Peer 1: 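Have a look at this one.
Since the structure is predicted, the reported quantities are computational estimates derived from the model, not experimental observations.
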Amino acid sequence: MVDVRLRPMRWWDIETVAPLEQELFAGDPPWSAEQFWSELAGVPETRWYVVAEAGDEVVGYAGLAAPALAGDPADVLTIAVAPSTQRAGVGTRLLEALETEARRRGAAELLLEVRADNDPAQAFYQRHGFEPIAVRRNYYAGHRDGLVLRKRLPG
Ligand SMILES: CC(C)(COP(=O)(O)OP(=O)(O)OC[C@H]1O[C@@H](n2cnc3c(N)ncnc32)[C@H](O)[C@@H]1OP(=O)(O)O)[C@@H](O)C(=O)NCCC(=O)NCCS
């Protein structure tokens, strides 16, 4: 286990987060630094981004789209952990934080899309109680399918 501290993502994190994103989502395609800027500059009521720090190093990040209304779904927009820190519980900390925030904002369920060929991520989500509910054909670059996963958040 790696000892991490979670805190809100700020604009000065983008110079660390964007290269991690390039490394982790090379073919998806990855979000650009400009997309992170735009996400952080958006309406705070609709978005919630966190980073995980080990010491003063950002080793992971995650983002949530809040439910429009209580009872609506919230969406996991992204979740990522630096390769050297994977499989040490950081992803779990990030996902649990998103789930707590989604509940706090009244979401009835959490939704996300994952590449159908991303076996590690699917194992991760399955372990955390997500179930596949739909296939999105050709959703990702290279005509790769996406799976929509759902976790219900009973109130
Ligand atoms: C998916 C991801 C966020 C998981 O983060 P993590 O910090 O490695 O996850 P954790 O250490 O909390 O893992 C918890 C459990 O998830 C599952 N899991 C995680 N990585 C796995 C892997 N490579 N293979 C199989 N199962 C895996 C395991 O059940 C693991 O428990 P265990 O280590 O006791 O077996 C991380 O692998 C990642 O950043 N991947 C690249 C980006 C990505 O694909 N993001 C998801 C996009 S939808």
Peer 1: Looking at Glu57 and Ala54, would you say the former's side chain and the latter's main chain have a donor-acceptor pair under 3.5 Å?
Peer 2: no
Peer 1: Counting distance only, does the side-chain N/O of Glu101 pair as donor-acceptor with the main-chain N or O of Trp48 below 3.5 Å?
Peer 2: no
Peer 1: Please check if Val51 and Leu98 belong to a single hydrophobic cluster, counting links between Ile, Leu, Val, Met, Phe, Trp and Tyr side chain heavy atoms closer than 4.5 Å.
Peer 2: no
Peer 1: Any carboxylate oxygen within less than 4.0 angstrom of a Lys/Arg side-chain nitrogen, looking at Glu131 and Arg150?
Peer 2: no
Peer 1: Where the side chain of Asp28 meets the backbone of Phe25, is there a donor-acceptor pair that is under 3.5 Å apart?
Peer 2: no
Peer 1: How close do Ala80 and Leu94 get, counting heavy atoms only, and between which atoms?
Peer 2: O-CD1, 3.9 Å
Peer 1: What closest approach, in Å, do Ile79 and Gly91 show between heavy atoms, and which atom pair accounts for it?
Peer 2: CD1-O, 3.6 Å
Peer 1: Which is it for Leu147 and Arg136 under the side chain to side chain contact (heavy atoms under 4.5 Å, CB included) test, yes or no, and what are the steps along the way?
Peer 2: CA-CA 6 Å; Leu147 296 179; Arg136 297 219 165 129; over 6 Å; no
Peer 1: Look only at the side chain of Glu21 and the backbone of Pro30, and say whether a donor-acceptor pair between them is shorter than 3.5 Å.
Peer 2: no
Peer 1: Given the rule that I, L, V, M, F, W and Y join up when any side-chain heavy atoms are under 4.5 Å apart, are Val81 and Tyr61 in one cluster?
Peer 2: no
Peer 1: Are Val50 and Val59 linked, directly or through other ILVMFWY residues, by side chains that come within less than 4.5 angstrom of each other?
Peer 2: yes
Peer 1: Is it true that Asp3 and Arg93 make a salt bridge, defined as a side-chain N closer than 4.0 Å to a carboxylate O?
Peer 2: no
Peer 1: Give the C-alpha distance, both sets of side-chain angles, the deciding distance and a yes or no for side chain to side chain contact (heavy atoms under 4.5 Å, CB included) between Asp13 and Thr16.
Peer 2: CA-CA 5 Å; Asp13 295 312; Thr16 314; 5.5 Å; no
Peer 1: Do Tyr140 and Glu113 have side-chain atoms, one donor and one acceptor, less than 3.5 Å apart?
Peer 2: no
Peer 1: Might you point out which heavy atoms bring Tyr49 and Leu77 nearest each other, and give the distance in Å?
Peer 2: OH-CD1, 3.5 Å
Peer 1: Does Leu40 share a hydrophobic cluster with Trp12, counting links as ILVMFWY side-chain heavy atoms below 4.5 Å and allowing steps through other members?
Peer 2: yes
Peer 1: Begin with the C-alpha distance, continue with both residues' side-chain angles, and end with the deciding distance and a verdict on side chain to side chain contact (heavy atoms under 4.5 Å, CB included) for Leu64 and Leu110.
Peer 2: CA-CA 9 Å; Leu64 184 81; Leu110 260 183; 3.7 Å; yes
Peer 1: Compare every heavy atom of Gly27 with every heavy atom of Ala141, then report the nearest pair and how far apart it is.
Peer 2: CB-O, 3.3 Å
Peer 1: Which atoms form the tightest heavy-atom contact between Leu111 and Pro73, and what is the distance?
Peer 2: CD1-CB, 3.8 Å
Peer 1: Please name the pair of heavy atoms, one in Ala74 and one in Pro67, separated by the smallest distance, quoted to 0.1 Å.
Peer 2: CB-CD, 3.9 Å
Peer 1: Which class fits the ring pair Trp37 and Trp11: parallel under 30°, tilted 30 to 60°, perpendicular over 60°?
Peer 2: parallel
Peer 1: Any chance you could lay out the salt bridge (charged side-chain N to carboxylate O under 4.0 Å, His left out) test for Arg7 and Glu53, step after step, and finish with the verdict?
Peer 2: CA-CA 8 Å; Arg7 63 164 175 79; Glu53 278 183 326; 3.0 Å; yes
Peer 1: Would Val135 end up clustered with Val114 when hydrophobic side chains under 4.5 Å apart are linked, directly or stepwise?
Peer 2: yes
Peer 1: I'd like to know if Arg105 pairs up with Glu45 as an ion pair, taking the criterion as any Lys NZ or Arg NE/NH1/NH2 lying under 4.0 Å from an Asp or Glu carboxylate oxygen.
Peer 2: no
